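Values in this document were obtained by computation on a predicted structure and should not be read as measured data. In what follows, chains are A, B, ... by sequence order, proteins preceding strands, each numbered from 1.
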2 protein chains.
Amino acid sequence: MGLDKRKRQVLYAIVHDYIQTAEPVGSRSISRRYELGVSPATIRNEMSDLEEMGFLEQPHTSAGRIPSDRGYRFYVDSLLRVPSLTVKEVTFMKQLLSSRMRSAEEIVQQLAKLLSALTSYTAIVLGPSESQAKLRQVQLVPVSSRQIYLVGVTDGGLLLNRMVEIPSGVDAESLASLQQWLNQRLAGLTLEQIKAQDLLALQDEMQAGIDLFETVMDELLGSVNQQEVGKVYLGGTTNILNQPEFHDLHKVRAILELLEEDALIWEAMAQAAGKGVTISIGAENALSAMQECSLITAEYRLGDGLIGHFGLLGPTRMNYDRVLALVQGVCETLNQLYGL
Amino acid sequence: MGLDKRKRQVLYAIVHDYIQTAEPVGSRSISRRYELGVSPATIRNEMSDLEEMGFLEQPHTSAGRIPSDRGYRFYVDSLLRVPSLTVKEVTFMKQLLSSRMRSAEEIVQQLAKLLSALTSYTAIVLGPSESQAKLRQVQLVPVSSRQIYLVGVTDGGLLLNRMVEIPSGVDAESLASLQQWLNQRLAGLTLEQIKAQDLLALQDEMQAGIDLFETVMDELLGSVNQQEVGKVYLGGTTNILNQPEFHDLHKVRAILELLEEDALIWEAMAQAAGKGVTISIGAENALSAMQECSLITAEYRLGDGLIGHFGLLGPTRMNYDRVLALVQGVCETLNQLYGL
DNA sequence: TATTAGCACTCGCCTTAGGAGAGTGCTAAC
DNA sequence: GTTAGCACTCTCCTAAGGCGAGTGCTAATA
């Protein structure tokens, strides 16, 4: 990018200041707060250039400048310095994430709370995908004449639960034999591997009713292929009310209503799947309600083939440095606690 | 209450009007809209009386009147006429609540959505208490060397799940024998009945380790005695943003932050336990953030000993008639669908 | 050529003032 | 007991003026 050193300094200063104050930044305040060794007039010229290049915007003629989406983008790509977390924060994280969790759901819920507590943004955590989970054991619990409850335990001791509607008239024996067969043939495989097998061929081996077999397998593998909408966990939805850019009720409503739409949120987050840490700034987001927000996403792993995504949603004037540090910290901590 | 007929009419008119318009009601508009056969001046006198008696308030000297909490209370106790739901609404309810639910959790979640969709208020649904649930079957699924997963099936086919931390060194046999014993001795009892038994005596019968027995029973019965905070399901939290009284960001924040505090919400709702339908108006609510809200609560039964509470939270200027009709309708519908 | 000081100008925000509108309370008449 | 008439009060809306922050331009300077 053709930005000389001083332009980079000025852009950095403006982004940095604006992130803290939420007020347009003027040339004088930059020359006061940052030691650039030039006068406000010179800075004004630089600002004027930066505006023409699309990195800055002016709310109105006689106001200071604020970063444009492109300005933030440049900041994030080239200027940012990710600080390290304090020892305090790290221990806090470990404490909250490790305090004898009982299920993946609890971990994930706690993660949402943690993220929102350590920022003033809204945390979004998607429930983990199970397709990489390695099955260790399956138990079929009869619930009624038309339903059984399938409890799967993964290698790492996390649970996959499914309620299965079965054809009526299935007796306890066929259930038992199906269960035994499932445990013999599927143990040690991930759901994806199971999916990849030739189920029709397997089915022939089976003695139990075809209907029963099919419905159970369908249900067990249901989440693997179709890019299903799973559970969405939120933390700190009210945090955005503290952001000055959301002192407008219409904006607040747009965002809060969006956050209630699990399907949309899931989709927006899932787009970042497999890309590590992603940052979407303002209009880079597809959803119109998010055009004034930035979304930072990352992947978490619960060690056991359970992979999911989490993210932080805030105004474009987000504290990228800190959020990125936090995201990295969370990933590392989860790895330490539940790692492979 | 010493309110003559005309005063009741005037109070009714004011409450009715104010619920619809959210604007202070003047004497002239009453005499126009309602056929009381008297002039505005007369109505003014009545209003003045009603204000002195504490049923009305005046936002400022030259505005119309609005109902006070006490005014709403009188309206709710003595003036209200609960309309019946339209056929459309009833079928809509049945459809949403019956569409092959898989678990109590799903029903309850759906209930929250339904309630908020049919009103412009926020729905609060507490997860069902399990103490009245009749146990039919228990299955113990080993998860790791330190954990087992307890799956209980109730008489009506709903699930009680628990993760139990067990002492290490428990072998499969003692698990199996414990499971068998649990099924023999506890099937057909409610959790409360189980709790009431002399567990120490029972324990003597058991061959398996005492530690194991104790931890499993503790976990199974944990929710019965301690007035535990269960899951809180919300629907339509953004609905309050549409209420004119919440066009103020501070109030919005207060309410939304309160709604994130499951423990407080649970407590506020649970106070109405066992009282059928309750209505708390404005300052009748203990929570300060709810002083300008009304909360209507009722009990739902999922047929199977699973009893819980649900409610609707809105401004004191709530459409009590409609909400009460809806609450009744929901109770009836649930009874029809999952009734005893 | 790059930088700087000086200065007029712009625009949002705050305060103030005035007028319109809605509704009351009081008084006197019915 | 009820009503018409009327002065009064208070909010809301709009316009006007002053303040402050910040810019863009010009001309002088290193």
- [ ] Give each stem of DNA chain C as a range with a range, requiring at least 3 consecutive Watson-Crick or G-U wobble pairs whose two distances are under 3.5 Å.
- [x] C:1-30 with D:1-30
Task: Residues within residues 41-54 of chain A bordering DNA chain D, heavy-atom distance below 4.0 Å - done: R44(A), M47(A)
Task: Residues from residues 57-66 of chain B lying under 4.0 Å of DNA chain D - heavy atoms - done: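 The answer is H60(B), T61(B), S62(B).
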Dump every N/O contact between nucleotides 13-15 of chain C and the protein below 3.5 Å, one line per pair.
none

TODO: Scan residues 13-28 of chain A against DNA chain C and write down, sorted by residue number, each residue with any heavy atom closer than 4.0 Å; if none is found, say none.
DONE: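 Correct list: empty, so none.
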When the side chains of residues 320-329 of chain A are checked against the rest of the protein, which donor-acceptor pairs come out under 3.5 Å, sequence neighbours left out?
from    : atom 1 : to      : atom 2 : distance (Å)
Y320(A) : OH     : S294(A) : OG     : 2.7
Y320(A) : OH     : T316(A) : O      : 2.7
D321(A) : OD1    : Y75(A)  : OH     : 2.8
D321(A) : OD2    : Y75(A)  : OH     : 3.2
R322(A) : NE     : L118(A) : O      : 3.3
R322(A) : NH1    : E89(A)  : OE2    : 2.9
R322(A) : NH2    : E89(A)  : OE2    : 3.0
R322(A) : NH2    : L118(A) : O      : 2.8

Task: Nearest heavy atoms of I255(A) and A289(A), plus distance in Å - done: CD1-O, 3.2 Å
Task: Taking every non-hydrogen atom, the tightest pair across M269(B) and G311(B) - done: CE-N, 3.5 Å
Task: Summary of side chain to side chain donor-acceptor pair (under 3.5 Å) pairs that have at least one residue in residues 11-20 of chain A, sequence neighbours excluded - done: H16(A)-Y34(A), D17(A)-R33(A), D17(A)-Y34(A)
Under 3.5 Å, side chain of [X] to main-chain N/O of [Y], donor-acceptor pair present?
{"X": "Y121(B)", "Y": "N319(B)", "answer": "yes"}
{"X": "T42(B)", "Y": "V38(B)", "answer": "no"}
{"X": "S48(A)", "Y": "R44(A)", "answer": "no"}
{"X": "D77(A)", "Y": "F74(A)", "answer": "no"}
{"X": "D4(B)", "Y": "R6(B)", "answer": "yes"}
{"X": "Q271(B)", "Y": "E267(B)", "answer": "no"}
{"X": "E261(B)", "Y": "E257(B)", "answer": "no"}

Other residues, nucleotides, ligands: >12 heavy atoms within 6.0 Å of [X] [atom1]:
{"X": "K113(B)", "atom1": "NZ", "answer": "no"}
{"X": "R32(A)", "atom1": "CZ", "answer": "yes"}
{"X": "R253(B)", "atom1": "CZ", "answer": "yes"}
{"X": "E292(A)", "atom1": "CD", "answer": "no"}
{"X": "H250(B)", "atom1": "NE2", "answer": "no"}

Closer than 4.0 angstrom, basic N to acidic O: yes or no for [X] and [Y]?
{"X": "K275(B)", "Y": "E299(B)", "value": "no"}
{"X": "D69(B)", "Y": "R73(B)", "value": "no"}
{"X": "E245(B)", "Y": "K251(B)", "value": "no"}

Task: Contacts of type side-chain hydrogen bond (donor to acceptor under 3.5 Å, both in side chains), residue T122(A), not counting sequence neighbours - done: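 With neighbours one apart ignored, the set is empty.
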Task: N/O (side chain, R32(A)) to phosphate O (OP1/OP2, dA21(D)) under 4.0 Å - done: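 Checking dA21(D) against R32(A), no side-chain N or O comes under 4.0 Å of OP1 or OP2.
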Kindly list each side-chain donor-acceptor pair under 3.5 angstrom involving residues 51-59 of chain A, sequence neighbours excluded, with atom names and distances?
from   : atom 1 : to     : atom 2 : distance (Å)
E51(A) : OE1    : R65(A) : NE     : 2.8
E51(A) : OE1    : R65(A) : NH2    : 2.9
Q58(A) : NE2    : T61(A) : O      : 2.9
Q58(A) : NE2    : A63(A) : O      : 3.3

TODO: Would you mind telling me which of I124(A), T119(A), L295(A) makes a side chain to side chain contact (heavy atoms under 4.5 Å, CB included) with L312(A)?
DONE: T119(A)
I'd like a list of close polar pairs between nucleotides 12-18 of chain D and the protein, N/O only, cut-off under 3.5 Å.
none

Short heteroatom pairs, N/O only, protein and nucleotides 26-30 of chain D, under 3.5 Å:
none

Any protein N or O atoms within reach of nucleotides 27-30 of chain C? Criterion: under 3.5 Å, listing atom names and distances.
none

